[in-house]
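Note that the coordinates shown come from a computational prediction; the quantities given were computed from them, not determined experimentally. Sequence lines set the chain letters: A, B, ... in the order given, protein chains first and strands last, and positions in each chain run from 1.
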Number of protein chains: 2
Amino acid sequence: MAAQRDQGHNGDQPPAAVTDVSARDVPAARERARAIPEAAVARLAVYLRVLSGMAEEGVSTISSEELAAAAGVNSAKLRKDLSYVGSYGTRGVGYDVDVLISEIERILGLTRKHSVAVVGIGNLGHALANYGGFPSRGFPVAALFDVDSDLMGVPVGGIPVEHIDDIEAICREREVNIGVIATPPSVAQDVCDRLVSGGVQCILNFAPVVLGVPDHVEVRKVDLAVEMQILSFHVARRADEALAEVTVDGTRPGVGEAVVGR
Amino acid sequence: MAAQRDQGHNGDQPPAAVTDVSARDVPAARERARAIPEAAVARLAVYLRVLSGMAEEGVSTISSEELAAAAGVNSAKLRKDLSYVGSYGTRGVGYDVDVLISEIERILGLTRKHSVAVVGIGNLGHALANYGGFPSRGFPVAALFDVDSDLMGVPVGGIPVEHIDDIEAICREREVNIGVIATPPSVAQDVCDRLVSGGVQCILNFAPVVLGVPDHVEVRKVDLAVEMQILSFHVARRADEALAEVTVDGTRPGVGEAVVGR
DNA sequence: AGCCGCTTGTGAACGCAGGCACAAAGTCGT
DNA sequence: ACGACTTTGTGCCTGCGTTCACAAGCGGCT
Ligand SMILES: NC(=O)c1ccc[n+]([C@@H]2O[C@H](COP(=O)([O-])OP(=O)(O)OC[C@H]3O[C@@H](n4cnc5c(N)ncnc54)[C@H](O)[C@@H]3O)[C@@H](O)[C@H]2O)c1
Ligand SMILES: NC(=O)c1ccc[n+]([C@@H]2O[C@H](COP(=O)([O-])OP(=O)(O)OC[C@H]3O[C@@H](n4cnc5c(N)ncnc54)[C@H](O)[C@@H]3O)[C@@H](O)[C@H]2O)c1
């Protein structure tokens, strides 16, 4: 079938030394939540989207095999991922789509409200603020910030842009949970610090810099240049391989059929 | 120190079953290139950016410890990553910044030209097309595509938008290596197929769908909703932990100091 | 009611990536 | 010229995540 190989791009940073200061030799109880590998969490989010699509199409039950195919993963892995959430399948039948959606949402914490603030309303910030996919998935955009005085008060995606200097106060007031940084790299650390002092605990960073944050803050970065370079690496590798392939046995890499994702 | 925990979000998909059909029990030679873990490739790209910054500031030599701190990783891991590239350090001194830059660029395949095509010039596509960070890093934008007739010929970031129906021909003609999909999810698979038949081997997908592609095509996806949901999960986990923490020994997670990344 | 076949859930094995610690190697100072 | 110091490169161990394979469980069919 050959769906895409998902991101191989992943972790670094001492998983137990720096970030996980707290969770060790603790009784148990929420141990279950902690035990979910981050990679599995990422996949759960994908399953959730696929399941939502299924639900809209009126599908009420799905087997691990079908869901795995739709999500582009191995069915064993899918079942193990779902087992982190709990046992909500029916043997011989499969999973109830609605139940699974509810349970995954619960585990991912999507039952809470997660207000988002976008900082840096330039090219990228505009696109993010206008994007309907966030509010519709439970991430309402609560505030936009910039330094540019021309932007002050201008509504983008229905939300007026506010001045960066008010960021702490506004974030606290509106209980912003997630800060999105779309400013130039040079000011990203400063913006990050301000978000943190505004009580924001989760940050999604688009600026190509490594942010330093306190232990209790979670940062994820989206670095397009890195993505490009990883692709570039694969181009180079493929070129080498194709060369070696031909040299060794004359076989050329097959072209295969294009499989439809959903 | 506590820099950010990098993406824990990572691999899935059978690493040896689907994608790596070709590279096994091969003589050796380029075996070196294949042997680099994808996670290490992602970090190499980060090191490269940090090093570029260093070079601009006139730094000519850097130790693994310094570079590791700047990149937010463990120094041992950094050295191991660099060892995949080769032995270009000088013991007792460190690495020559320029040499390291050249070698990482070589490994990442950045010595070749990588033309990029962006498909779907909406909110996100505009931002991408206008982004100066791609051309400056060796990824010139060679073409833009959309279906919207109002956009035809309109220059975005200096490149005129062309019709999606010409995509195969233009991609072949301009030797596009990397296709970026920023269309609505519903047409993403179709666009993907067209890119592939236009000879594009690497795809960066922003649409929230799982793309099916032939084995020889590499897909990476950037899924902001998934990123948000991973953050959401951590919010939930933290809330649970904080609760348990207080319940068990009365200690509250420390607030720590905000460390500056660079 | 009992059997059959299908699908889940998971125990166990495997493999890869991360981290430690040290020997090798080179530099700088005297 | 030699020794002491610094820093690299890497072997080994540990731990996590993925995969396999199968027993347990449930619905449906006879
Ligand atoms: N545009 C893209 O497609 C793209 C792609 C990858 C990465 N990025 C990164 O995303 C970031 C934003 O890119 P962009 O193209 O939108 O840049 P941009 O220059 O269009 O926008 C930056 C915005 O940040 C604002 N800003 C500057 N200093 C600020 C401060 N101290 N506080 C608040 N706002 C401030 C500016 O006024 C501007 O509106 C950059 O770091 C860039 O490297 C962008
Ligand atoms: N805007 C964001 O910040 C954001 C964030 C995350 C994900 N995304 C995803 O990125 C994609 C684009 O988002 P957007 O906000 O730019 O949407 P958009 O609607 O603004 O832009 C989509 C563009 O694609 C074009 N298009 C439609 N069908 C096409 C086809 N068959 N061939 C070529 N072009 C076609 C449309 O004309 C439009 O210009 C979506 O899949 C969205 O889910 C966007």
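Ser63(A) and Glu66(A) share a side-chain donor-acceptor pair at under 3.5 Å. A side-chain donor from one of His234(B) and Glu38(A) sits under 3.5 Å from a side-chain acceptor of the other. Side-chain contact annotation: Arg79(B) with Ser64(B), donor-acceptor N/O pair under 3.5 Å present.
Atom P of nucleotide dT8(C) and atom OH of Tyr47(A) are separated by 13 Å, given to the nearest angstrom. Rounded to whole Å, atom C1' of dT8(C) lies 11 Å from atom CD of Glu65(A). If you measure from atom OH of Tyr95(B) to atom P of dT27(C), you get 15 Å, rounded to the nearest angstrom. With rounding to whole Å, Tyr88(B) atom OH is found 19 Å from dT7(D) atom C1'. Rounded to an integer number of Å, the gap from Asn74(A) CG to dA21(D) C1' is 12 Å. Protein atom NZ of Lys77(B) is 16 Å distant from nucleotide atom C1' of dC13(D), rounded to whole Å. The distance between atom CG of Leu78(B) and atom P of dT8(D), rounded to the nearest whole Å, is 9 Å. Look at CZ on Arg79(A): it is 15 Å from P on dA23(D), rounded to the nearest Å.
With rounding to the nearest 0.5 angstrom, the CD1 atom of Ile178(A) is 10.5 Å from the CD atom of Glu227(B). Rounded to the nearest 0.5 Å, atoms CG (Leu100(B)) and CG (Leu51(B)) are 5.0 Å apart.
Closest to the Ser63(B) side chain, of the nucleotides dT7(D), dC26(D), dT18(D), is dT7(D).
Judged by atom type and distance alone, Lys80(B) reaches the base of dG19(C) through a side-chain donor-acceptor pair under 3.5 Å. The base of dT8(D) is paired with the side chain of Arg91(B) by a donor and an acceptor separated by under 3.5 Å.
The nearest heavy atom of DNA chain D to Gly92(A) and to Asp81(A) marks one nucleotide each, and the one closer to the 5' end goes with Asp81(A). Checking Val93(A) against Ser83(B), the closest nucleotide of DNA chain D that is more toward the 5' end is the one next to Ser83(B).
Side-chain nitrogen and oxygen atoms of Ser64(B) include at least one within less than 4.0 Å of the OP1 or OP2 phosphate oxygen of dT8(D).
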